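Since we're looking at a predicted model, the values are computed, not measured. Heavy-atom basis, side chains included; hydrogens, waters and symmetry copies ignored.
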Amino acid sequence: MNSSKHVENLLYCSMCRNRMKNPKSLPCLHAFCRECLQQHVKKSDGRLICPQCRKDCPLSTDGVDGLLDSHFIHNLSEFVEQGGTAKDDVPNCDGCDKDASDRCLDCPCPLCPECSKMHKRMRGTKTHRIISLKEYNSLSDREKIMMQPTSCPYHPRCELEFFCTVCEVPICMKCAVCGHEDHKRMNLVDVYEKQAMEIDSLRNKLAERLKSFEEVAGRTRSVAETLEKEEKGVENQIVEHAERMHEAIDKRKEELIRELKMKSKSKKDILRRQVNNFGEVMHSLHDTYEKTGHLLTYGNRSDVVFAKKSALQRIIEQLDVPLKSQPEENSFIGFKSIINENVKLKLGNVLTTPAVAFQSRLERASGSYPLIGTEQVFVVRSVGHDGIEVKQGGAPVVAELTRPGSKGVALVDSVDAGDGNYRIAFNPDTPGRYRLDAKLFDESTRDSPMEFEVRSRWEVTVNYSQDMKQPHDVTKAWDDTYAIADYGNNRILIRDIAGKFYDQITFAGLEKPFCPISLATTPNNEIVCSDYNNHQIFVTRMDRSLKLRFGSSDLSRPLGVASFQSGKYAVGDGQTIKLFGNGGELLKTVGRRGQGDGEFSNPWFIATSSRNFMAVADEGNGRIQLLDAEGRFLKAFKVMPSGGQALNPRGVYMDDSDNIFVSATTSVLMYSSDGRFICRVNGEDSKMKSPCGLTMLKAGLGTSPVLLVADRSDQCVKGFRL
């Protein structure tokens with residue numbers, strides 16, 4: 001586009017598509033007709049958003065009239081109207097209508113030769129700049145515009161010569177003495193050159209910025225074009241993959257149907273064989289029944305007497321034929337769809353199981369205590385008709401629960417472990433007798449329905465106090481006996497399950513009196529004991545012989561002792577836990593005095609779990625710390641009954657389900673393996689003075705296990721049972 005055409009395009013309003021009238025300039029530098037802007041604001045509920053760049057342009061109280069006039073568009077419009085952009089046309093003289101040959105740059109107007117001479121002689125115009133049209137037309141639009149006179153908008157006959165630095169506007173001589181007389185002013189040309197240079201410098205940066213955007217836009221367009229091509233390519237891949245998937249799905253469908261037919265046929269064959277066997281037996285029974293009936297109906301006395309022996313023998317044989325009262329297979333066969341994204345092609349699995357209800361068993365899970373507020377866990381172990389345990393899941397197992405005082409039943413869903421076992425769990429909310437009926441294929445399993453009593457608290461069932469002095473700990477011993485750390489009598493006291501004296505263990509030849517503090521039982525039923533006075537650990541076999549003695553050079557104040565499944569030992573010593581190997585060698589020292597993780601303040605007893613971690617009664621910090629077998633910190637929880645004060649724990653014991661029993665101050669508390677408070681074992685009517693060590697006896701005192709607790713201040717061992 002040539003420059004003249006470009007100049008003319010600048011004068012058109014993009015809203016009305018006409019030459020601008022009364023042009024107004026917006027802060028974004030776009031210009032529009034005053035009337036167009038007024039209509040635009042009216043339609044926009046008083047807001048002015050630039051129609052071109054959508055920039056929000058705040059208005060003053062004067063509205064559109066308060067916007068700046070566009071002097072640039074106004075002056076450019078005059079320049080074009082005065083023929084400033086004309087090149088080839090010969091204009092008429094402004095004075096006589098003859099063909100013009102010259103142009104006055106100050107009027108500005110075209111002049112013929114005669115009028116040009118007269119223009120130079122007249123007093124008011126003799127200083128005007130006159131050049132030939134040929135020279136004028138050879139100039140660029142920029143050069144022509146710069147030669148145009150810049151008249152004052154307030155004094156049209158005066159040229160703008162100065163710049164008011166206070167008002168920051170160009171002014172003429174009259175403005176300088178009328179309205180700007182006290183303001184500092186500068187030469188307009190000097191100001192123009194400085195400001196033009198400043199604008200041009202920023203324009204160069206803007207051009208660089210524009211170039212950067214163009215480069216990024218180019219790359220973005222390239223990415224978009226590449227994306228378009230990639231989209232088509234991927235679309236083809238999807239179509240091809242979908243076609244392959246359809247083929248694979250059809251193939252998998254056929255495989256599943258074949259599997260279904262095969263598994264169903266296996267079940268049908270077993271049932272058909274059983275039905276055929278029943279048919280053969282029933283035919284034989286019916287035949288014998290019919291033949292003996294004929295004998296009795298149509299035979300005479302001698303016939304009956306002669307046939308009696310063989311008839312009775314045949315009937316007895318038929319009566320001895322075993323009758324299997326249950327079908328040897330079930331009717332369960334199903335399908336489990338698979339939605340996992342990674343195995344879409346697998347579709348799913350055909351489900352079936354050989355389990356039958358009359359062989360499957362309902363059992364209470366170990367470590368599940370019939371106590372309000374604790375989860376009651378049962379397991380259905382599925383078994384086939386042949387008595388072999390099923391090692392796959394998929395059977396529909398549900399349980400019907402009857403609560404105390406309720407006539408109806410509640411359904412309890414089972415959780416399929418996938419290995420033939422099904423977990424049934426619920427939380428009892430009231431004490432009393434419960435009834436649980438586990439069903440497989442809508443038939444009750446063996447041992448179903450199972451009835452059991454749920455209690456609101458533990459009860460004291462044992463209170464042994466004979467011949468004990470400051471008993472600190474208690475542990476399971478041999479042959480349904482238990483061992484007591486009889487500290488005050490310098491011995492390990494062995495009692496039977498009824499509390500009667502069974503045996504005692506003492507050690508001679510020691511430097512100081514034997515003072516047992518803590519006891520533990522190894523996986524080989526050996527008793528481990530910490531001797532506080534002599535700073536050592538004793539390990540005793542079932543025949544009461546000493547197996548191992550260690551720690552005298554490594555221990556200073558041994559308290560709690562525990563044994564791991566691996567044969568290692570853990571001993572609480574001072575403010576640390578020390579780990580010893582199978583032969584009594586010191587492996588490492590864990591922790592130090594402090595309140596942080598893995599730090600201790602007077603650690604007392606230690607217990608080990610079935611999952612190979614240990615619990616430490618951190619008395620001074622009022623918490624139980626759980627550590628792995630290498631002494632690395634796992635977690636900790638405060639010993640704080642629900643709604644109660646923090647207590648200082650001494651004894652700790654973990655059962656087969658890793659429930660944690662803690663003795664603290666005068667209380668015995670039960671926690672889950674993750675540190676959740678479950679209940680208080682001893683109630684207000686069974687307070688203890690100073691409970692220490694604990695253990696669980698599982699047999700000999702009734703159907704439910706008994707928790708034994710040594711009370712060193714009350715000189716006794718108490719047992720609690722649900």
For the pair Asn524 and Thr522, evaluate side-chain hydrogen bond (donor to acceptor under 3.5 Å, both in side chains) and give the outcome as yes or no after the intermediate values.
-> CA-CA 5 Å; Asn524 297 324; Thr522 70; 5.0 Å; no
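Between the CG atom of Leu694 and the CG atom of Asp655 there is a distance of 11.5 Å, given to the nearest 0.5 Å. Here CD1 of Ile624 is found 13.0 Å from CE of Met614. Values are rounded to the nearest 0.5 Å. Here the straight-line distance linking atom CG of Leu510 with atom CG of Asn534 works out to 4.5 Å at 0.5 Å rounding. If you take OG1 on Thr540 and CD1 on Ile527, they are separated by 6.5 Å, rounding to the nearest 0.5 Å. Here the CD1 atom belonging to Ile606 is positioned 10.5 Å from the CE atom belonging to Met654, to the nearest 0.5 angstrom. Distance NZ/Lys689 to CG/Asp714: 4.5 Å, rounded to 0.5 Å.
Side-chain contact of Asn659 with Ser657: a donor-acceptor pair under 3.5 Å is absent, judged by distance alone. In summary, the side chains of Asn682 and Lys718 do not present any donor paired with an acceptor at a separation below 3.5 Å, with no hydrogens or angles considered. Side-chain contact check for Glu619 and Asn602: at least one donor-acceptor pair (N or O, by modelled atom type) lies under 3.5 Å. Using modelled atom types and a 3.5 Å distance limit, the side chains of Thr506 and Arg491 yield no donor-acceptor pair. Of the N and O atoms on the side chains of Asp674 and Ser672, at least one donor lies less than 3.5 Å from an acceptor on the other residue. Of the N and O atoms on the side chains of Asn621 and Ser601, not one donor lies less than 3.5 Å from an acceptor on the other residue. Between the side chains of Gln625 and Asp618, at least one donor N or O lies within less than 3.5 Å of an accepting N or O. Judged by distance alone, the side chains of Ser382 and Ser360 never bring a donor and an acceptor atom under 3.5 Å apart.
Checked against a 6.0 Å centroid threshold, the rings of Tyr569 and Phe550 count as neighbours. Within the 6.0 Å centre-distance limit, the rings of Phe514 and Phe538 are counted as a close aromatic pair. Between Phe378 and Phe452, the ring center distance clears the sub-6.0 Å criterion.
Paired with Glu526 under the rule salt bridge (Lys or Arg N to Asp or Glu O under 4.0 Å), one option of Lys547, Arg544, Lys476 passes, and it is Lys547. When the options His472, Arg712, Gln470 are evaluated for a side chain to side chain donor-acceptor pair (under 3.5 Å) with Ser690, the one that passes is Arg712.
When all heavy atoms of Ser552 and Gln536 are compared, the pair lying nearest together is N-CB, 4.1 Å. Annotation for Ala438 and Ile424: closest pair CB-CD1, 4.1 Å, computed over non-hydrogen atoms.
When the side chain to side chain contact (heavy atoms under 4.5 Å, CB included) test is applied to Ser566, the partners found at least two apart in sequence or on another chain are Phe564, Lys568. Residues passing the ring-ring contact (aromatic ring centres under 6.0 Å, His included) test with Tyr482 are Tyr464, sequence neighbours excluded. For the side chain to side chain contact (heavy atoms under 4.5 Å, CB included) test, residues two or more places apart in sequence or in another chain that qualify with Asp429 are Arg403, Tyr434. Annotation: side chain to side chain contact (heavy atoms under 4.5 Å, CB included) contacts of Asp554 (sequence neighbours excluded): Phe580, Leu586.
The pair Arg446-Glu363 does not count as a salt bridge, with every side-chain nitrogen at least 4.0 angstrom from each carboxylate oxygen. One finds no salt bridge joining Glu443 and Lys439 here, because no Lys/Arg side-chain nitrogen approaches an Asp/Glu carboxylate oxygen to under 4.0 Å. For Lys500 and Asp496, the salt-bridge test fails: no basic side-chain N is under 4.0 Å from an acidic carboxylate O. A salt bridge is defined here as a Lys NZ or Arg NE, NH1 or NH2 lying under 4.0 Å from an Asp or Glu carboxylate O, and Lys391 with Glu389 meets this definition.
Residue pairs satisfying the salt bridge (charged side-chain N to carboxylate O under 4.0 Å, His left out) criterion with at least one member in residues 527-541, sequence neighbours excluded, are absent. Applying the salt bridge (charged side-chain N to carboxylate O under 4.0 Å, His left out) test to residues at least two apart or on different chains, the pairs with a partner in residues 580-597 are Arg592-Glu599.
Counting only heavy atoms from C-beta outward, the side chains of Ile577 and Val616 approach each other to under 4.5 Å.
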